[in-house]
Amino acid sequence: MSIQPYTEDQADALQEVANIAMGQAGDSLARILDNFVTLSVPRIRQIEVKELADTVTAMVGEEDVSAVRQAFYNALRGEAIVIFTQSGADELAELLGYDCELDAAIEQELLLEVGNLLVGAILNGISDTLGTELGFSAPSLMAEHTPLRQVLAPDRLTWEQALLVEVNFSVEKHRFKSHLLMFMTEETIETLRHILDDFMDGL
Amino acid sequence: MAVPLTVVDDSKISRKMVIRALPPGWDVEITQAENGEEALAAYRAGKADVMFLDLTMPVMDGYEVLEQLQKESLNTFVVVISADIQPEAQERVKKLGAMAFIKKPVKTENIVAVLEEYGLL
């Protein structure tokens, strides 16, 4: 199934919605880390799922990562994945005020908590801006200290084409960095097209 | 007399959202700019007594516009409109001379509050 790319206006609207939602997620993160968070410009791509690992590796780098995933549903369906680079995961504990050696269970809990915070904030930002309903599942740990390519092996996603939205958050003066990826299903690409059109008609 | 207002944002949709949120009673003559260079050109053409300024833009971003305005002692009322709502981001732009900060998505009531605070409405 081949899906028509978004028009320039649809892409512009989606970029702006992602930007607003990312701002809210960044603010939530800044509050719990008690640090200024540098935000990226959202990157949006319509991709074949088999290119996924290459596309994301180009954005994140060839690294070992830990990852937390959550499914979202209702108006839009897909997966949200928060990727922590190794240094990002290590710095997280320090930024949150843990100064002792962490056991694995606590580290996992921190990853889940921060992943959930970012995903919740960004999904709420999107649903508030577009006036849609979005639900999401509890976070689950997808991988720890695993090469990124392995985390994103294509057999983990069952559809052929996906809309990918990537934003990233970093903390100046620390080596903290995390990437939030949203993958939306083929069906959602079309649903979102109509939602974006309605959103623009309302302006 | 209509106030010359320039709305600066690289996103057309975002400029539309800002313009739609302008208070109905505010008499303005609107100019749109897609980046910092166009914003400064609009200012020099007398079209920006008030400037609504986005921060993240190609060619010349909002921070550079604020720096340039300061460097040349240019006199325009700048309201930064940004999705980056962290308190520290707001402090940074105010240090660079912005008069006010409004978060995206822009709401009419937030614009009214700023304009009333400074007696512009």
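A, B, ... follow the sequence lines: proteins, then strands. Residue 1 opens every chain.
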Heavy-atom pairs under 4.5 Å with chain B, option from A:D27, A:D128, A:T129, A:N19 with the top count: A:D27

Over 12 foreign heavy atoms within 6.0 Å of OH, A:Y98: no

Which portion of B:A89 sits near chain A, non-hydrogen atoms under 4.5 angstrom: both

Heavy atoms from other residues, nucleotides or ligands near CD of B:E29 exceed 12 (cutoff 6.0 Å): no

SB check B:E88 A:R31 (cutoff 4.0 Å): no

Heavy-atom contacts under 4.5 Å, residues 97-106 of chain B to chain A: B:K104, B:P105

Min side-chain heavy-atom separation A:F199-B:M17 under 4.5 Å: yes

Neighbour count >12 (heavy atoms, 6.0 Å) for atom CD, A:E172: yes

Chain B contact via A:L39 - which portion, at a heavy-atom distance below 4.5 Å: side chain

Neighbour count >12 (heavy atoms, 6.0 Å) for atom CG, B:N75: no

Per-residue contact mode, A:Q24 against chain B (heavy atom under 4.5 angstrom): both

A:D103 atom CG: more than 12 heavy-atom contacts under 6.0 Å: yes

Contacts of residues 1-16 of chain B with chain A (heavy atom under 4.5 Å): B:S11, B:K12, B:I13, B:S14, B:K16

Chain B contact via A:V17 - side chain, backbone, both or neither, heavy atoms under 4.5 Å: neither

Neighbour count above 12 (heavy atom, 6.0 Å) for A:R43 CZ: yes

Atom group of A:Q15 that falls short of 4.5 Å from chain B, counting heavy atoms: neither

Heavy-atom pair with the smallest gap, counting every atom of A:N35 and B:Q86: O-OE1, 4.1 Å

